[in-house]
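Everything below concerns the one structure shown next.
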Amino acid sequence: MAQIVRRSRGLQLSLLNQRTPCQPVHQQPHSQLNNLNKLVPLLVSQVNCVRYSSAVNHEATKETQRLLDKKTVLNLDIYSRYSPAPITIQSLLEHGRKADCGESFLFLRKEIPTRLANMIMELKLLPSTLMDQRECQEIYHDYIRSFREMMEYERAPSTPEIHSKFTDSLQSIRRRHVDTVPTMAQAVLRMHRYQRLQDGVTDTIQYFLDRLYTNRISIHMLISHYQSLHGIVSSSDGLIGTIDPQCDLLRVAEEAYQAASLLCDNEYFDHPELIANAVDTTDENIETQGRVTAVYVPAHLHHILFEIFKNSMRASCEWAEKNEQPHIPHIRLRIYKTADDITLKISDRGGGITRRIRGKIFNYMYSTAANKVNYDGLGGGSYGAGLSAETLPMHGLGYGLPLSRLYARYFKGDIKVGSVDGFGTDVYIYLQRLSHMAQENIPVYNHVSLQRLTSTSTQVPDWTDNEKRY
């Protein structure tokens, strides 16, 4: 017992010896005054943050109680126990050829609330450091509102009048969630600005954001496909819903390159040249081998390529400026289609990235840009235009690559990055070759996700070298 007391007193003494800015010892009065001048603004900022957070939490609690009435809570409990039904591109294509509005209505009135309920249950489990942010509360309430709106059709008859009303509701839900990504980005930026997070909390938030954004992609996909099939929104020639049975990968890549080059011109007054070629190894005709097609969603592929081209252009332009090169090194795109896979390789000579940085590039809010966007710089997000908004900057937000990988993985593809520090970077985009294998990869709320979301403690390292290098 005496030994325990001595150790406890020793610990107290060691803690007292760890001086903080507000506890200077043996300092001159002038030095103490300097420390106080530095400390006061920080304390004022923290007090204002606490007051603001308390007011926001009070209003958010009232709104949550209003939205979560007994009927909604019961329905959430029921639908969160259902697992989402993943769909393949082939199934979407076959359904699109029939374009049966009644069949679409019966499927979506069950599937969309199931996906919404699964995500609402996960939002409730977020660490308080993120959940207390106003923007996160807005997203939480938006999901509940969309769920309540879908519950109005749970037992509605399948009639043309109901179908018309249902279509209006889907459009409302789509508009409501169009800014989910930039809004959550604001919440995470605010959280990092005021609080220092443990590694366990950071890993939990990274895990959750992957699931939130994938859930959003899946709901957006179902609604967009429904609207395109039934003439709610205009569809390009050859598309069945949102799917192109003969999606020309090289053409989509060139369109994404042109869009990225416009942003690059605005930022750097120039852009790298693109050298592209495509080879379909399954086509024995040499004259047509250069046209590689796939059954895919052109909008998803455009988003992926656009983000990667932006990164390559920025790296190439900054490397050329830093080394005083007369010309910006070109970007090379190679597309290969085999009997099993489709691979797109984008290579630049923009100086590459280090192994230490490469382990962080898929983390949300991490950006290799020199001038990162802070919370104040983000302003009002995309102002209702989603990810395509011109108000969002070319770089610095830190969710371009992570989101691109989610789009690729959504239909069982992937993105891998390899780099030679001091030379350049190669990005590999993998797509499913066979449409019946390209099945949705969507989150499911169950005991596994529950454990991951509630386990926020920092794990004790089991290796002497705990730094992650990829």
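This is a predicted model, so every value here is computed, not measured.
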With distance as the sole test, does N441 use its side chain to make a donor-acceptor pair with the main-chain N or O of K412 at under 3.5 Å? no

Heavy-atom pair of closest approach, residues N285 and E287: OD1-N, 3.0 Å

Take the angle between the ring planes of H163 and F105 and call it parallel below 30°, perpendicular above 60°, tilted in between. tilted

Over all atoms of both residues, closest heavy-atom pair of C264 and D270: SG-O, 3.2 Å

Report yes if some heavy atom in the side chain of Y410 is under 4.5 Å from a heavy atom in the side chain of M221; otherwise report no. yes

Could you check whether R145 pairs with E149 (Lys NZ or Arg NE/NH1/NH2 to Asp/Glu carboxylate O, under 4.0 Å)? no

So, do T204 and R452 sit near enough that their side-chain heavy atoms are less than 4.5 Å apart? no

Is any side-chain heavy atom of Y296 less than 4.5 Å from a side-chain heavy atom of Q432? no

State, yes or no, whether a side-chain contact exists between L239 and S228 at a heavy-atom distance under 4.5 Å. no

Candidate pair I219 and R174, rule side-chain contact (heavy atoms from CB on, under 4.5 Å), full reasoning: CA-CA 8 Å; I219 294 174; R174 182 178 178 180; over 6 Å; no

State whether a side-chain donor-acceptor pair under 3.5 Å links D210 with Y364. yes

Taking the six-membered ring of Y153, is NZ or CZ of R109 closer than 6.0 Å to its centre and within 45° of its axis? no

Least distance between heavy atoms, S91 atom then I87 atom: CB-CG2, 3.6 Å

Between the side chains of E307 and K310, is the shortest nitrogen-to-carboxylate-oxygen separation below 4.0 Å, so that they form an ion pair? yes

Assess whether a salt bridge exists between R148 and D69, defined as any Lys/Arg side-chain N lying under 4.0 Å from an Asp/Glu carboxylate O. yes

Counting only pairs under 3.5 Å, give me each side-chain donor-acceptor contact of residues 338-345, with atom names and distances, residues two or more places apart or in other chains.
from, atom 1, to, atom 2, distance (Å)
T338, OG1, D340, N, 3.3
T338, OG1, D341, N, 3.0
T338, OG1, D341, O, 3.2

In terms of side-chain geometry, is the basic nitrogen of E161 or K165 positioned less than 4.0 Å from the acidic oxygen of its partner? no

Under the criterion side-chain hydrogen bond (donor to acceptor under 3.5 Å, both in side chains), I'd like the reasoning laid out for Y226 against T167: C-alpha separation, chi angles, the key distance, then a yes or no. CA-CA 9 Å; Y226 174 87; T167 299; 3.0 Å; yes

Sidechain N-carboxylate O distance under 4.0 Å for R291, D248: yes

Are the side chains of C317 and P272 in contact, using a 4.5 Å heavy-atom criterion? yes

Just by distance, with hydrogens left out, do E135 and T183 show a side-chain donor and acceptor under 3.5 Å apart? no

More than 12 heavy atoms of other groups within 6.0 Å of L74 CG: yes

Pair K98 + E94: basic N to acidic O under 4.0 Å: no

